Amino acid sequence: MTTHANAVRKHAQPFVATLRKAGAALDHFEPHRLSWQDLCRVERDAKATAHEIIANVTDGTPEARAAEIEAAFDALTEIAEDCGADKDARTARGDRGPWAGVDLDRRPTFENKSSPAVDGGDNAALEPFALRSGQPMRQWACARSNDEGITPGAFLRAIISGARNEAEQRALSGGTDAAGGFTVPSVTSAQLIDLARANMVLDAAGAQTMPLDSAENIVAKVTADPTPAWRIENAAVNESDPTFGGVILKPKSIAVMVKASVELMTDSLNLETELPNVLAKAMAQEIDRAGLIGSGTDPEPKGIVNYSGLTSNTYAGGALANYGPIMTARGALHGANERLGAVIMASRDENTLASLNATDGQPLNMPQALQGVPMLHTTAIPTDGGAGSDESQIIAGDFTQLLIGFRSSIRVEILRERFMDNLQFGLIAHARVDFAAARESAFTVLDGVTA
């Protein structure tokens, strides 16, 4: 990395200073030794600096200088990816602190059975594999595939301008059809899904991701808990069975289209990074919306606000003048033996809460009972409902009880002729997603929140 490191020193001095402040070395970068705060800062600055320096490359940039900037861009992108991977590893371990780079406490254990997700075994009765928030789907896909795949950006570019190496050629030839569509390789699909998850407020709130391999999947859920009872010696044990129900995940289709010029697809230095990010962010926004407020009427999945088993609350609606409504949601959940893990609200309402002042004019302090509870916001929750066309909803609960089912294969269609009069290509990315709650009572919804 010496050549690339020299390019970073020449064209990204502020980032070198960030590394130095974090106690990291550019020539031998070891993200596992950084604190969580420094790790996040280095990742953020690496991404920002990469975008900043690549914008300096124009048609008039001398070839040698452009090559140096491209080398610096590649190095910064690699550092950001290393930081992201280390954050995923720490999250999976349940410990955000620095570590030795080899986690001896999580050595694999083996049981006398096989798993289709790991070794291609035939034990089809195993429970579905669910990924926690922050746990990469790419790891799951790699366990099922002998091919490590290529990056989503490389795959999308290869569709347009052709394969540049054997790995890209193998990826393109793996799933083409007569209509010009491509089945994205499983590992590459997983990376694109991970990009979308990274931009989803539902994932940040703790929702679990379930890779789906069929068009219809049944997930067991508890609809009533068993009731324990005291007994005297030699007396019969009181019978109280839990009531189980089934939730059917039937992935619904979601698609997004982007256009790009032939010149941009061929010559751009950072399109391989930006194109999948654009697709992922667009998908993430709509998946969040459907998971939160989806109607459940085909072709749209059913969102949390339309679940029939929600925990009720006593909130009467109105403007947010304090944290009382959030405490109402917390009390309702605790009264139903559920927990408040996160709160998701419209961006307008989050800004209202953040702007509240106490009687002395100082910012209003959040109640201690709510400190540590993520207060997340999204524009996916509308603010134009109700009689006054200004009402929104706040959704609170234990989002680890929400399952997001993704079909593991993504389709990409290329529109070669539709926009060719402007020398543009169109790309349509198509995925299939559905939602289910293991416990609908884990959520409560505050209706009628006004501006």
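Because the structure is predicted, anything quoted here is derived from the model rather than measured.
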Asker: Mind checking whether E43 and K87 have side chains closer than 4.5 Å, heavy atoms only?
Answerer: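 Of all side-chain heavy-atom pairs linking K87 with E43, at least one is under 4.5 Å.
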Asker: Can you list the residues that meet the side chain to side chain contact (heavy atoms under 4.5 Å, CB included) rule with Q362, with sequence neighbours excluded?
Answerer: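 So Q362 forms a side chain to side chain contact (heavy atoms under 4.5 Å, CB included) with D360.
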Asker: I'd like to know if R41 and D45 make a salt bridge, using a cut-off of under 4.0 Å between side-chain N and carboxylate O.
Answerer: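 Between D45 and R41 there is no salt bridge, as every charged N stays at least 4.0 Å from the carboxylate O atoms.
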Asker: Please answer whether the main-chain N or O of S295 pairs with a side-chain N or O of E300 as donor and acceptor at a distance below 3.5 Å.
Answerer: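 Yes, E300 side chain to S295 backbone: donor-acceptor pair under 3.5 Å.
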Asker: Atom CD of Q401 and atom CD of Q208: how far apart are they, to the nearest 0.5 Å?
Answerer: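 Q401 CD to Q208 CD: 7.5 Å, rounded to 0.5 Å.
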Asker: Okay, side chain of N306, backbone of G294: is any donor-acceptor separation there less than 3.5 Å?
Answerer: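 Such a contact is found between N306 side chain and G294 backbone.
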Asker: For the CE atom of M283 and the NE2 atom of H430, what is their distance to the nearest 0.5 Å?
Answerer: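 Answer rounded to 0.5 Å: 8.0 Å.
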Asker: Can you give me the closest heavy-atom contact between P31 and D86, atom names plus distance?
Answerer: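 Looking at all heavy atoms of both residues, the shortest contact is O-OD2, 3.7 Å.
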Asker: Would the distance check show the side chain of T311 and the main-chain N or O of S441 forming a donor-acceptor pair, the cut-off being under 3.5 Å?
Answerer: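 Such a contact is found between T311 side chain and S441 backbone.
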Asker: Which pair of non-hydrogen atoms, one from I381 and one from Q393, has the smallest distance, and what is that distance?
Answerer: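 Minimum heavy-atom contact is CG2-O, 3.6 Å.
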Asker: Under the criterion side chain to side chain contact (heavy atoms under 4.5 Å, CB included), I'd like the reasoning laid out for H377 against V201: C-alpha separation, chi angles, the key distance, then a yes or no.
Answerer: CA-CA 7 Å; H377 64 92; V201 70; over 6 Å; no
Asker: Quick one: does any side-chain atom of R90 pair with a main-chain N or O of R96 as donor and acceptor, under 3.5 Å?
Answerer: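 Side chain of R90 to backbone of R96: a pair is present.
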Asker: Return the CD1 to CG distance between I395 and L292, rounded to the nearest 0.5 Å.
Answerer: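 Between atom CD1 of I395 and atom CG of L292 there are 4.5 Å.
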Asker: Hey, is the main chain of L202 close enough, under 3.5 Å, to the side chain of D288 for a donor-acceptor pair?
Answerer: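 Present.
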Asker: State, yes or no, whether a side-chain contact exists between T77 and E81 at a heavy-atom distance under 4.5 Å.
Answerer: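 They are in contact (side-chain heavy atoms under 4.5 Å apart), so the answer is yes.
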Asker: Give the minimum heavy-atom separation between P382 and S392, together with the two atoms involved.
Answerer: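 P382 and S392 have their closest heavy atoms at O-CB, 3.2 Å.
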Asker: Apply side chain to side chain contact (heavy atoms under 4.5 Å, CB included) to the pair K302 and F435, showing each step before the final yes or no.
Answerer: CA-CA 7 Å; K302 180 183 290 187; F435 304 87; over 6 Å; no
Asker: Any side-chain donor-acceptor pair under 3.5 Å between T379 and Q285?
Answerer: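 Checked: T379/Q285 side chains pair up, N/O donor to acceptor below 3.5 Å.
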Asker: For the pair E52 (side chain) and T49 (backbone), establish whether a donor and an acceptor sit closer than 3.5 Å, ignoring hydrogens and angles.
Answerer: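 Looks like no, no N/O pair under 3.5 Å.
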Asker: Specify the closest pair of heavy atoms between N322 and L353, including all atoms of both residues, with the distance to one decimal.
Answerer: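 Closest approach of N322 to L353, heavy atoms only: O-CD2, 3.8 Å.
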Asker: Heavy-atom distance under 4.5 Å between the side chains of L340 and L333, does that happen here?
Answerer: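 A side-chain contact exists here, since the closest heavy-atom pair is under 4.5 Å.
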Asker: So, taking the atom named CG in D203 and the one named CD in Q135, what distance separates them when rounded to the nearest 0.5 Å?
Answerer: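 Result: 10.5 Å between the selected atoms.
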Asker: Would you say that more than 12 heavy atoms from the other residues, nucleotides or ligands in this model lie under 6.0 Å from the CD of Q37, or not?
Answerer: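 Counting other residues, nucleotides and ligands, CD of Q37 stays at 12 neighbours or fewer.
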Asker: Could you pull out the closest heavy-atom pair between L370 and M366, with the gap in Å?
Answerer: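 Result for this residue pair: O-SD, 3.5 Å.
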Asker: Taking C-beta and beyond as the side chain, do V42 and F15 meet within less than 4.5 Å on heavy atoms?
Answerer: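 Contact flag for V42/F15 side chains = yes.
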Asker: Mind running side chain to side chain contact (heavy atoms under 4.5 Å, CB included) on T383 and E391 for me, showing each step along the way?
Answerer: CA-CA 5 Å; T383 58; E391 293 183 7; over 6 Å; no
Asker: Can you check salt bridge (charged side-chain N to carboxylate O under 4.0 Å, His left out) on D434 and K250, steps first, answer last?
Answerer: CA-CA 6 Å; D434 200 8; K250 298 178 67 174; over 6 Å; no
Asker: If you measure from CG on L364 to OG on S355, what distance do you get to the nearest 0.5 Å?
Answerer: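 Rounded to the nearest 0.5 Å, the CG-OG separation comes out at 11.0 Å.
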Asker: Just so I know, are the side chains of L26 and R9 near enough to count as touching, which here means a heavy-atom distance under 4.5 Å?
Answerer: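 Heavy-atom side-chain distance check passes, below 4.5 Å.
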Asker: Which heavy atom in L376 sits nearest to a heavy atom in A204, and how many Å separate them?
Answerer: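 Closest heavy-atom pair between L376 and A204: CD1-C, 4.0 Å.
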Asker: Taking side chain as C-beta onward, heavy atoms only, is N277 less than 4.5 Å from N199?
Answerer: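 Heavy-atom side-chain distance check fails, nothing below 4.5 Å.
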Asker: Using a distance-only test with no angle check, is there a side-chain donor-acceptor pair under 3.5 angstrom linking N313 and T328?
Answerer: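 No donor-acceptor contact under 3.5 Å links the two side chains.
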Asker: Going through the checks in order, is the side chain to side chain contact (heavy atoms under 4.5 Å, CB included) test met by M200 and I287?
Answerer: CA-CA 8 Å; M200 287 171 53; I287 292 171; 3.6 Å; yes
Asker: Return yes if some donor-acceptor pair links the side-chain N/O of T450 with the main-chain N/O of A319 below 3.5 Å, else return no.
Answerer: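 Here the side-chain-to-backbone pair exists.
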Asker: When you compare the side chain of L212 with that of F406, does any pair of heavy atoms fall below 4.5 Å?
Answerer: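 Not in contact.
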Asker: Are any non-hydrogen side-chain atoms of F29 and L19 less than 4.5 angstrom apart?
Answerer: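 Result yes, sub-4.5 Å side-chain heavy-atom pair found.
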Asker: Can you tell me how far apart CD1 (I79) and SG (C83) are? Round to the nearest 0.5 Å.
Answerer: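 The SG atom of C83 is 7.5 Å from CD1 of I79, to the nearest 0.5 Å.
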Asker: Any luck finding a side-chain donor-acceptor pair between S389 and D384 under 3.5 Å?
Answerer: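 No, D384 and S389 have no side-chain donor paired with an acceptor closer than 3.5 Å.
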